[in-house]
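Notes for the one structure printed next.
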Amino acid sequence: MKLHEYQSKRIFAEHGIPIPKGEVATSSDEAREIARKLGGPVVIKSQVLVGGRGKAGGVKVAKNVDEAEELADQILGMDIKGLTVDKVLIDEAADIREEIYLGVVIDRALQKPVVIASAEGGVEIEEVAKTNPEAIKRLPIDLPVGLMDYHARNLAYDLGLRRVFVNQFIRIVKGLYQSFIDTDASLAEINPLVIIEGEKLLAVDGKIVLDDSALYRHPELVELRDIQEETSSEREARLAGLSYVKLDGEIGCMVNGAGLAMATMDIVKYYGGAPANFLDIGGGAKSDKVAAALRIILSDSKVKGILFNIFGGITRCDEVARGILEALNAVPTDVPMVARLVGTNEEEGRQILAQANFPSASSLGEAAQKAVNLAKGA
Amino acid sequence: MKLHEYQSKRIFAEHGIPIPKGEVATSSDEAREIARKLGGPVVIKSQVLVGGRGKAGGVKVAKNVDEAEELADQILGMDIKGLTVDKVLIDEAADIREEIYLGVVIDRALQKPVVIASAEGGVEIEEVAKTNPEAIKRLPIDLPVGLMDYHARNLAYDLGLRRVFVNQFIRIVKGLYQSFIDTDASLAEINPLVIIEGEKLLAVDGKIVLDDSALYRHPELVELRDIQEETSSEREARLAGLSYVKLDGEIGCMVNGAGLAMATMDIVKYYGGAPANFLDIGGGAKSDKVAAALRIILSDSKVKGILFNIFGGITRCDEVARGILEALNAVPTDVPMVARLVGTNEEEGRQILAQANFPSASSLGEAAQKAVNLAKGA
Amino acid sequence: MAILVGKDTRLIVQGITGREGGFHTEQMIEYGTTVVGGVTPGKGGEWSHGVPVFDTVKEAVNATDANTSIIYVPARFAADAIMEAADSGIKLVICITEGIPVLDMVRVQSFLVHKKVRLIGPNCPGLTTPGEAKVGIMPGHIHKQGNVGLVSRSGTLTYEVVQALTDKDIGQSTAVGIGGDPIIGSTFIDILRLFESDPLTDQVVLIGEIGGTDEQKAARFIAEKMTKPVTAFIAGRTAPPGKRMGHAGAIIQGGEGTAAEKIKALEAVGVKVGQQPEEVADIVAGLI
Amino acid sequence: MAILVGKDTRLIVQGITGREGGFHTEQMIEYGTTVVGGVTPGKGGEWSHGVPVFDTVKEAVNATDANTSIIYVPARFAADAIMEAADSGIKLVICITEGIPVLDMVRVQSFLVHKKVRLIGPNCPGLTTPGEAKVGIMPGHIHKQGNVGLVSRSGTLTYEVVQALTDKDIGQSTAVGIGGDPIIGSTFIDILRLFESDPLTDQVVLIGEIGGTDEQKAARFIAEKMTKPVTAFIAGRTAPPGKRMGHAGAIIQGGEGTAAEKIKALEAVGVKVGQQPEEVADIVAGLI
């Protein structure tokens, strides 16, 4: 789960990281009032959970209160990569001298959190990794030991930070690391951390991505979820406990198991089709889950054919077959479908589908080919 | 620094440990009011920082409000081992079925915290260690790993706790351990943890001793210090940064270094005297510290002679010599004294004392003998 | 016994009285696995599926001489369960549980680093040595005893490949699901090393997916240390970057972890990569 | 060089620009110790007492090839300083600082357990190999080169005993103060083991005090492993239970850690225990 910039920065501030003064507005009137209270120039920043807000025109500087109102009015309601802006953050504009990147992520190879820093802030760290990998400094943290002052100090000197910033930097690195740990994040990032007038560091933009598996420990963070940022399909999938990712193709896929679901997408492509989605119904899915999955797939108007691929281990093929038929009763459609059910209770599953004249296939390859052909015929 | 029972139990309660309902009273009127609010029988417990309150008559059960007032009146103002009771805790009386001991201390040999538990609660754990060492279960905790549920569960089963108590016990052990860690304690103890009606566990008495070296991290705990529990000498020593322990003898000792201070006491004893105190002025003490130390020693009317033993490393003998003379100016006395100063600037120190006709000795043995003889002559 | 589990396995089931744990205990016993006990705190003294239940792993190990534990407990108790097993003399721990917080697994791995315990998983289907022991949730009937070792980050995709092998009459020595999480106890390299020195394994199938760089590392290991032929399948050629494909570990991030780069790395060291499970079986059979 | 420090010591001083650190750096250099640098965060690039100052231990080690570090930083920064030294390639760390929170030292010790670093202290006077190197705060002039190893939990009491030995013309191989805290990096046994295998040490003096059971453990070690004679002095015969005698570690608790039981344990294994420093010297000299 991603947090908005303003939510992330508030968490950072609670951990002692300096952030600009600012507040969130949902109307241009509010924006004007906030700008008036802040005084001086402000930045109006759209709060949507996608990257590239700046390029899309979702971040603007206003020199005065009138401009703030006007720009907020422009940005609110704007569409950025399919998401409608309904909140803007009004921050005091900072006099930026230099920009630093600072982030904490889990390093999969080291199996521990790693602090990543670069003196080239303000751009995406992946970009720096390509153009100037030397500029990126990495500090792996042993979780049981934690982040000690000397770790952060070594990082500061590695980064070539001037001495006047070192102690501030240590506090910020520790605050960011603690934000990461305290929220069970998978990413906590300040980009950029800027040097402003008076030799001070300030976190002007921030981002936290939470570990969904750990949300149960953080009910207060779950409340921060912005449901307006989910499509209705994503929402339905989340509530039904399905793993769903919308793609651009025309073959809807319903599979049990993430690896198999990806393999199914790949095979659809191999046979000349394009997958419309990734969808894993998980292990031991019952018919109601299958029905929910089918509804989600059918809600995508691009879908011209649907492929069911079930390898029954915990999941029972007869349950899935019944689920498909139930869902079709509830959501009638003329999109052609083909099912391939193997494993636990495969005979029963096939019989149920055969009785309903539902097309089936015995191998995954055959099923994918059929689905692609059906979709072309449709 | 020791915390009172009521302070310790409040910290436990903040960590999820069930404690009896109760409040502190400083007068019998207040005690009556608290007993009335609690309803039913109550326990009146003197809050003084010494053991054996029960035996000294400082803990009583009151069946009703009148008795509560009467007993509180008796206990308030009582003298227990030299300390005057000025606070009583009024707790709801518990219907105690069984008593358990539960504590956390640092194990010096293992160099880690250890949870100690015994099904024989209500008596001092040292007593159980002597009479029934088998009954004591020890659970060492790796600080970086922390206390996991399974540790506490294994402890519960080792202890022979009935199953109905296991989950409560796990929560209490974790709460106690966390209290210990969060307060930088050197001891956190529930004794007894009792089984009451309804198959519930309740911490009826508790104790926390804080690590003085870590107090700087806990300003909120420092505020809990009960200065009425210190003698004025202890207080002056603490404020002057001196390490002072009052003893029962007649030879006052002022030494630099804890080991040497103990050795000096031992040698006084060896030569037939008895040390009046342990007093370490620490390394590099200046004359004002020496003067404070002398005042503290002289405030003990039993002192019949004073022995100064200084081995100058960081500490300079001339500084000490000047300190002694300055202090004698400020606090004139006819208690006889002898000084033995060796090490850094020993010549200058001896000359200063010789000019003031201050008796001195060259070896520790000689100094101790002289001090003992002078005290006998006094 | 090929690797890790077999006739010598003495298994306890942590979470035996749960729905999942109970169902699969039955399946494992039916397959012939030696299940010697179960652990559910608070249910010690009961019996479940014909084996005694204990309150703690310590008691279970003391009473049954178990050497292997499989974990089916809910995610929030799983880290504790793994550490308890590791602390109680168990040598091989298989964690089936899905959805364990990443920081919990970081903690577990740093706890295990100085212990002599092997962890498989979490979020894995377990492992099967056909004809000897099935420890996990793989359907038993798809396997056939033989000399091909399988190692996979996936669950049902593994079954698919096993089925494809069995359909072509190619038996397996041991099939190991290492799990789909970003932080796992045993990696491809750990299992490849075991297969390389296992006399009952003649060749190996590696089933990878997008996310991380474990397949690339495996490729380096194969080039440097493996004498036995390896065939691979990589799922997620069509997966877009930035989206988590079900598994917590299956996500292309910062341009890293694509199927294309994994396939390239494997092919560069002579590993043949099949485009479909059936093709993998054909390669293994020497038909391609 | 007898043990731990000597001509090969290349010392850096953490906290060199502080009052204590500066004073003792001067004293150590005057004694002949090879001080190669200092560390004070924020003062890198300056010079102090003729040696360069660095911001981090890593830089100091890289620039000076230091192998030993002595720590004079305030208590609240000491754990960090010890861990930084251990993490930067230093092999011997001596921590003089007094008043480090006990839990900080628990953390430090658990951090050091898998590292190849020896810690002496904290709250100790350091160590001196007479004629070669003085690393710490012991007054240099009291020492005399010789073949008696000293190990002590105390500071000034150690000087007293060293002086008594020197007064009787008995020289020392190395005098080691292990510190008066409950949790210390090196115990009596660690140092006794080094003296036992040091060809320049012929006999050992052990100076203990009340609190803990380290002297009793040392007695067992002496009985089992030491061939060289050991003489002891134990401070605190007159100390009452329950009162902390200055040192955080010097407290008789739960009836454990009295001078009497320590003396008994030592005498039981043939160690002669002196009642005064002069008596210790007489025993060492063979007069008693």
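The structure displayed is predicted, hence computed values, not measured ones. Just the heavy atoms: all of them, side chains too, but no hydrogens, waters or symmetry mates, feed the values below. Convention: sequence-line order gives letters A, B, ...; per-chain numbering from 1.
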I'd like to know whether [atom1] of [X] has more than 12 heavy-atom contacts from other residues, nucleotides or ligands below 6.0 angstrom.
X	atom1	answer
D:Lys243	NZ	no
B:Lys137	NZ	yes
B:Glu126	CD	yes
B:Lys289	NZ	yes

Chain D contacts, top residue of B:Ile181, B:Asp211, B:Asp280 (heavy-atom pairs, under 4.5 Å) = B:Asp211
Sort out for me which of B:Leu143, B:Leu247, B:Leu364 touches chain D most, counting heavy-atom pairs under 4.5 Å.
-> B:Leu143
Region of [X] that comes under 4.5 Å of a non-hydrogen atom in chain B:
X	result
D:Ile207	neither
D:Glu209	side chain
D:Glu98	neither
D:Thr213	neither
D:Phe233	side chain
D:Arg153	side chain
D:Glu278	side chain

Within the 4.5 Å heavy-atom criterion, are [X] and [Y] side-chain neighbours or not?
X	Y	answer
D:Pro240	B:Asp248	no
B:Val342	D:Gln163	no
D:Gln276	B:Tyr270	yes
B:Gln111	D:Val113	no

Ignoring hydrogens, what is the shortest heavy-atom contact between [X] and [Y]? Give both atom names and the distance.
X	Y	answer
D:Gln275	B:Ile267	O-CG1, 4.1 Å
D:Gly99	B:Ser213	O-CB, 3.2 Å
B:Met262	D:Ile210	SD-CG1, 3.6 Å
D:Gly246	B:Ser243	CA-OG, 3.1 Å
D:Pro139	B:Gly312	CG-O, 4.1 Å
B:Gly259	D:Ala235	O-CB, 3.6 Å

Can you pull out the residues in residues 101-109 of chain D with any heavy atom less than 4.5 Å from chain B?
-> D:Pro101, D:Val102, D:Leu103, D:Asp104, D:Val106, D:Arg107, D:Gln109
What residues of residues 177-189 of chain D sit under 4.5 Å from chain B when you count only heavy atoms?
-> D:Pro182, D:Ile183, D:Ile184
[options]: which one forms the most heavy-atom pairs within less than 4.5 Å of chain B?
options	result
D:Met245, D:Arg237, D:His247	D:Met245
D:Gln253, D:Arg76, D:Lys217	D:Arg76
D:Gly211, D:Ala239, D:Gly242	D:Gly211

Spatial distance of atom CG (D:Leu157) from atom OG1 (B:Thr264) [nearest 0.5 Å] = 8.0 Å
Nearest-0.5 Å distance, OG1 of residue D:Thr238 to CE of residue B:Met265 | 3.5 Å
Below 4.0 angstrom, N of the basic side chain to O of the carboxylate: do D:Glu256 and B:Arg108 qualify?
-> no
Output yes when a side-chain donor or acceptor of D:Thr156 lies under 3.5 Å from a complementary backbone atom of B:Asn256, and no otherwise.
-> yes
Please look at B:Ala261 and chain D and tell me whether the side chain, the backbone, both or neither of the residue comes under 4.5 angstrom of a heavy atom of that chain.
-> neither
